[in-house]
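Step one of this worksheet: look at the structure below.
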Amino acid sequence: YHRIFDTIKILRHHSKTPAIRTTVTKYNVHSLVPIVAHFINDLELVEIQMEPVYLINQNGELAPDPDAFVENYVAAKMLANKSGATLSYSGYRKNERHGSYCNINKNVLFIGRNGNTSICLFKDSEKKESPYVIGYYDAIDNQSVIDHNKISRLREAANRLYQECEKCEIQNSCVKGCPDRCLFENGSTESIHQNLRCRINRLLYQKEL
């Protein structure tokens with residue numbers, strides 16, 4: 001916490017506007033309002049983001065209850081709005097065309113620590129043979145090699161929908177379970193309605209947020 005606070009001071013010293021992101025778990029989901037109040041009143045932050053813990057297939061015991069997340073997020077967002085700050089959540093963006101976090105449709109090259117180019121922020125150290133890798137660094141020719149045929153195949157897969165998404169009102173404004181669920185791994189016929197982000201996104205839609 002103190003390192004974060006020191007970083008905020010350094011950013012301000014260099015005329016940069018700091019933003020902050022909080023990971024929400026079952027342990028802090030009921031404290032979102034006081035957390036936002038602390039950011040605004042004590043740290044003087046005006047750009048705040050909240051996200052449920054990622055990769056709940058690995059961290060399932062940390063996942064917040066969807067109803068509790070939405071209830072407390074809505075209350076925290078109201079506080080932020082009254083204070084002239086912004087509070088955002090990236091899983092569902094009302095009236096905005098938005099899909100998964102996958103870079104395959106964004107013309108973004110994500111180069112991992114091993115030099116391979118991945119389509120996924122959460123697959124940053126994949127081997128060259130991985131289905132997520134679309135390129136690699138060729139040390140002999142000193143250049144990056146991009147597999148354009150693989151990119152085309154992956155783009156087609158990334159634009160599929162889970163079965164329930166086909167009739168969902170927010171199918172074009174939702175991350176569709178990403179990164180906890182991946183169409184490349186799960187296929188389009190599997191159920192997604194019990195996914196944490198899917199449940200949160202539909203609840204937010206019902207509240208017209």
Side-chain angles (χ1 to χ4, degrees), residues 19-25 47 49-60 62-63 66 88-202 204-205:
I20 196 162
R21 174 181 170 272
T22 294
T23 297
V24 181
T25 71
E47 186 176 337
Q49 182 178 358
M50 289 187 165
E51 302 291 340
V53 60
Y54 285 137
L55 303 179
I56 54 173
N57 53 329
Q58 301 174 18
N59 302 303
L62 294 177
S88 63
Y89 155 69
S90 68
Y92 163 60
R93 302 177 189 179
K94 182 182 177 182
N95 299 326
E96 181 180 337
R97 190 166 184 84
H98 174 53
S100 69
Y101 300 112
C102 181
N103 285 324
I104 198 68
N105 287 324
K106 302 176 184 176
N107 294 321
V108 171
L109 286 179
F110 184 83
I111 301 175
R113 289 169 289 182
N114 58 7
N116 292 338
T117 303
S118 170
I119 63 170
C120 181
L121 173 66
F122 300 91
K123 303 285 185 180
D124 63 339
S125 299
E126 297 283 294
K127 295 181 180 179
K128 188 167 65 174
E129 299 76 23
S130 166
Y132 298 95
V133 170
I134 57 172
Y136 62 93
Y137 174 69
D138 187 333
I140 297 176
D141 294 331
N142 190 30
Q143 65 177 356
S144 291
V145 178
I146 302 297
D147 189 335
H148 294 282
N149 290 328
K150 190 174 185 180
I151 290 174
S152 296
R153 295 195 303 270
L154 289 172
R155 276 183 173 159
E156 182 179 351
N159 289 317
R160 295 180 301 177
L161 294 173
Y162 291 103
Q163 189 172 19
E164 293 96 330
C165 297
E166 294 177 359
K167 297 181 180 180
C168 183
E169 297 91 338
I170 61 171
Q171 62 173 261
N172 293 320
S173 305
C174 169
V175 294
K176 300 173 182 64
C178 176
D180 308 317
R181 294 287 300 273
C182 178
L183 276 165
F184 302 131
E185 296 177 350
N186 298 295
S188 59
T189 59
E190 292 195 13
S191 173
I192 193 173
H193 267 183
Q194 295 307 309
N195 173 267
L196 174 65
R197 281 173 175 75
C198 177
R199 294 170 66 188
I200 287 174
N201 297 347
R202 286 182 286 123
L204 286 173
Y205 170 70

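Numbers here simply count residues along the sequence, with the first being 1.
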Open item on the list: Treating E126 as the side-chain partner and V133 as the backbone partner, does any N or O pair qualify as donor plus acceptor under 3.5 Å?
Closed with: no

Task: Summary of salt bridge (charged side-chain N to carboxylate O under 4.0 Å, His left out) pairs that have at least one residue in residues 95-118, sequence neighbours excluded - done: R93-E96, R113-D124

Task: Closest non-hydrogen atom pair between N116 and N114, with its separation - done: N-OD1, 3.0 Å

Task: Point-to-point distance, once rounded to the nearest 0.5 Å, from SG of C120 to CG of N103 - done: 8.0 Å

Open item on the list: Counting only heavy atoms from other residues, nucleotides and ligands, does the tally under 6.0 Å from CD of Q163 exceed 12?
Closed with: no

- [ ] Look up atom CZ in R202 and atom SG in C174, then write down how far apart they are to the nearest 0.5 Å.
- [x] 9.0 Å

Open item on the list: To check you understand the geometry: which heavy-atom pair defines the closest contact between L196 and P66, and what is its length?
Closed with: CD1-CG, 3.7 Å

TODO: Go through C198 and Y162 one step at a time and tell me if the side-chain contact (heavy atoms from CB on, under 4.5 Å) criterion holds.
DONE: CA-CA 11 Å; C198 177; Y162 291 103; over 6 Å; no

Open item on the list: A side-chain contact here means heavy atoms from C-beta on lying under 4.5 Å apart; do C182 and Y132 qualify?
Closed with: yes

Open item on the list: To the closest 0.5 Å, what do you measure between CG (N159) and CD1 (I104)?
Closed with: 9.5 Å

- [ ] Please say whether more than 12 non-hydrogen atoms of neighbouring residues, nucleotides or ligands are located less than 6.0 Å from CD in E166.
- [x] yes

Open item on the list: To check you understand the geometry: which heavy-atom pair defines the closest contact between K176 and H98, and what is its length?
Closed with: NZ-O, 4.3 Å

Task: Nearest non-hydrogen partners of T23 and R21, listed with the distance - done: OG1-NH1, 3.5 Å

Task: Pairwise distance CD(E51) to OG(S90) - rounded to 0.5 angstrom - done: 3.5 Å

Task: Contacts of type ring pair (Phe, Tyr, Trp, His ring centres under 6.0 Å), residue Y89, not counting sequence neighbours - done: F69

Task: Spatial distance of atom CD1 (I119) from atom CD1 (I151) [nearest 0.5 Å] - done: 9.5 Å

Task: Worked check of side-chain contact (heavy atoms from CB on, under 4.5 Å) between S173 and K94 - done: CA-CA 6 Å; S173 305; K94 182 182 177 182; over 6 Å; no

- [ ] Report the residues that fulfil ring pair (Phe, Tyr, Trp, His ring centres under 6.0 Å) with Y137, sequence neighbours left out, ordered by chain and then residue number.
- [x] none

Task: Exercise: identify the closest heavy-atom pair between C178 and R197 - done: O-CD, 3.5 Å

Task: Spacing of E47 atom CD and S88 atom OG [to the nearest 0.5 Å] - done: 7.0 Å

Task: Any donor-acceptor pair under 3.5 Å from R155 side chain to S152 backbone - done: no

- [ ] Taking all non-hydrogen atoms of both residues into account, name the closest pair between Y92 and I170 and its distance.
- [x] CE1-CG2, 3.6 Å

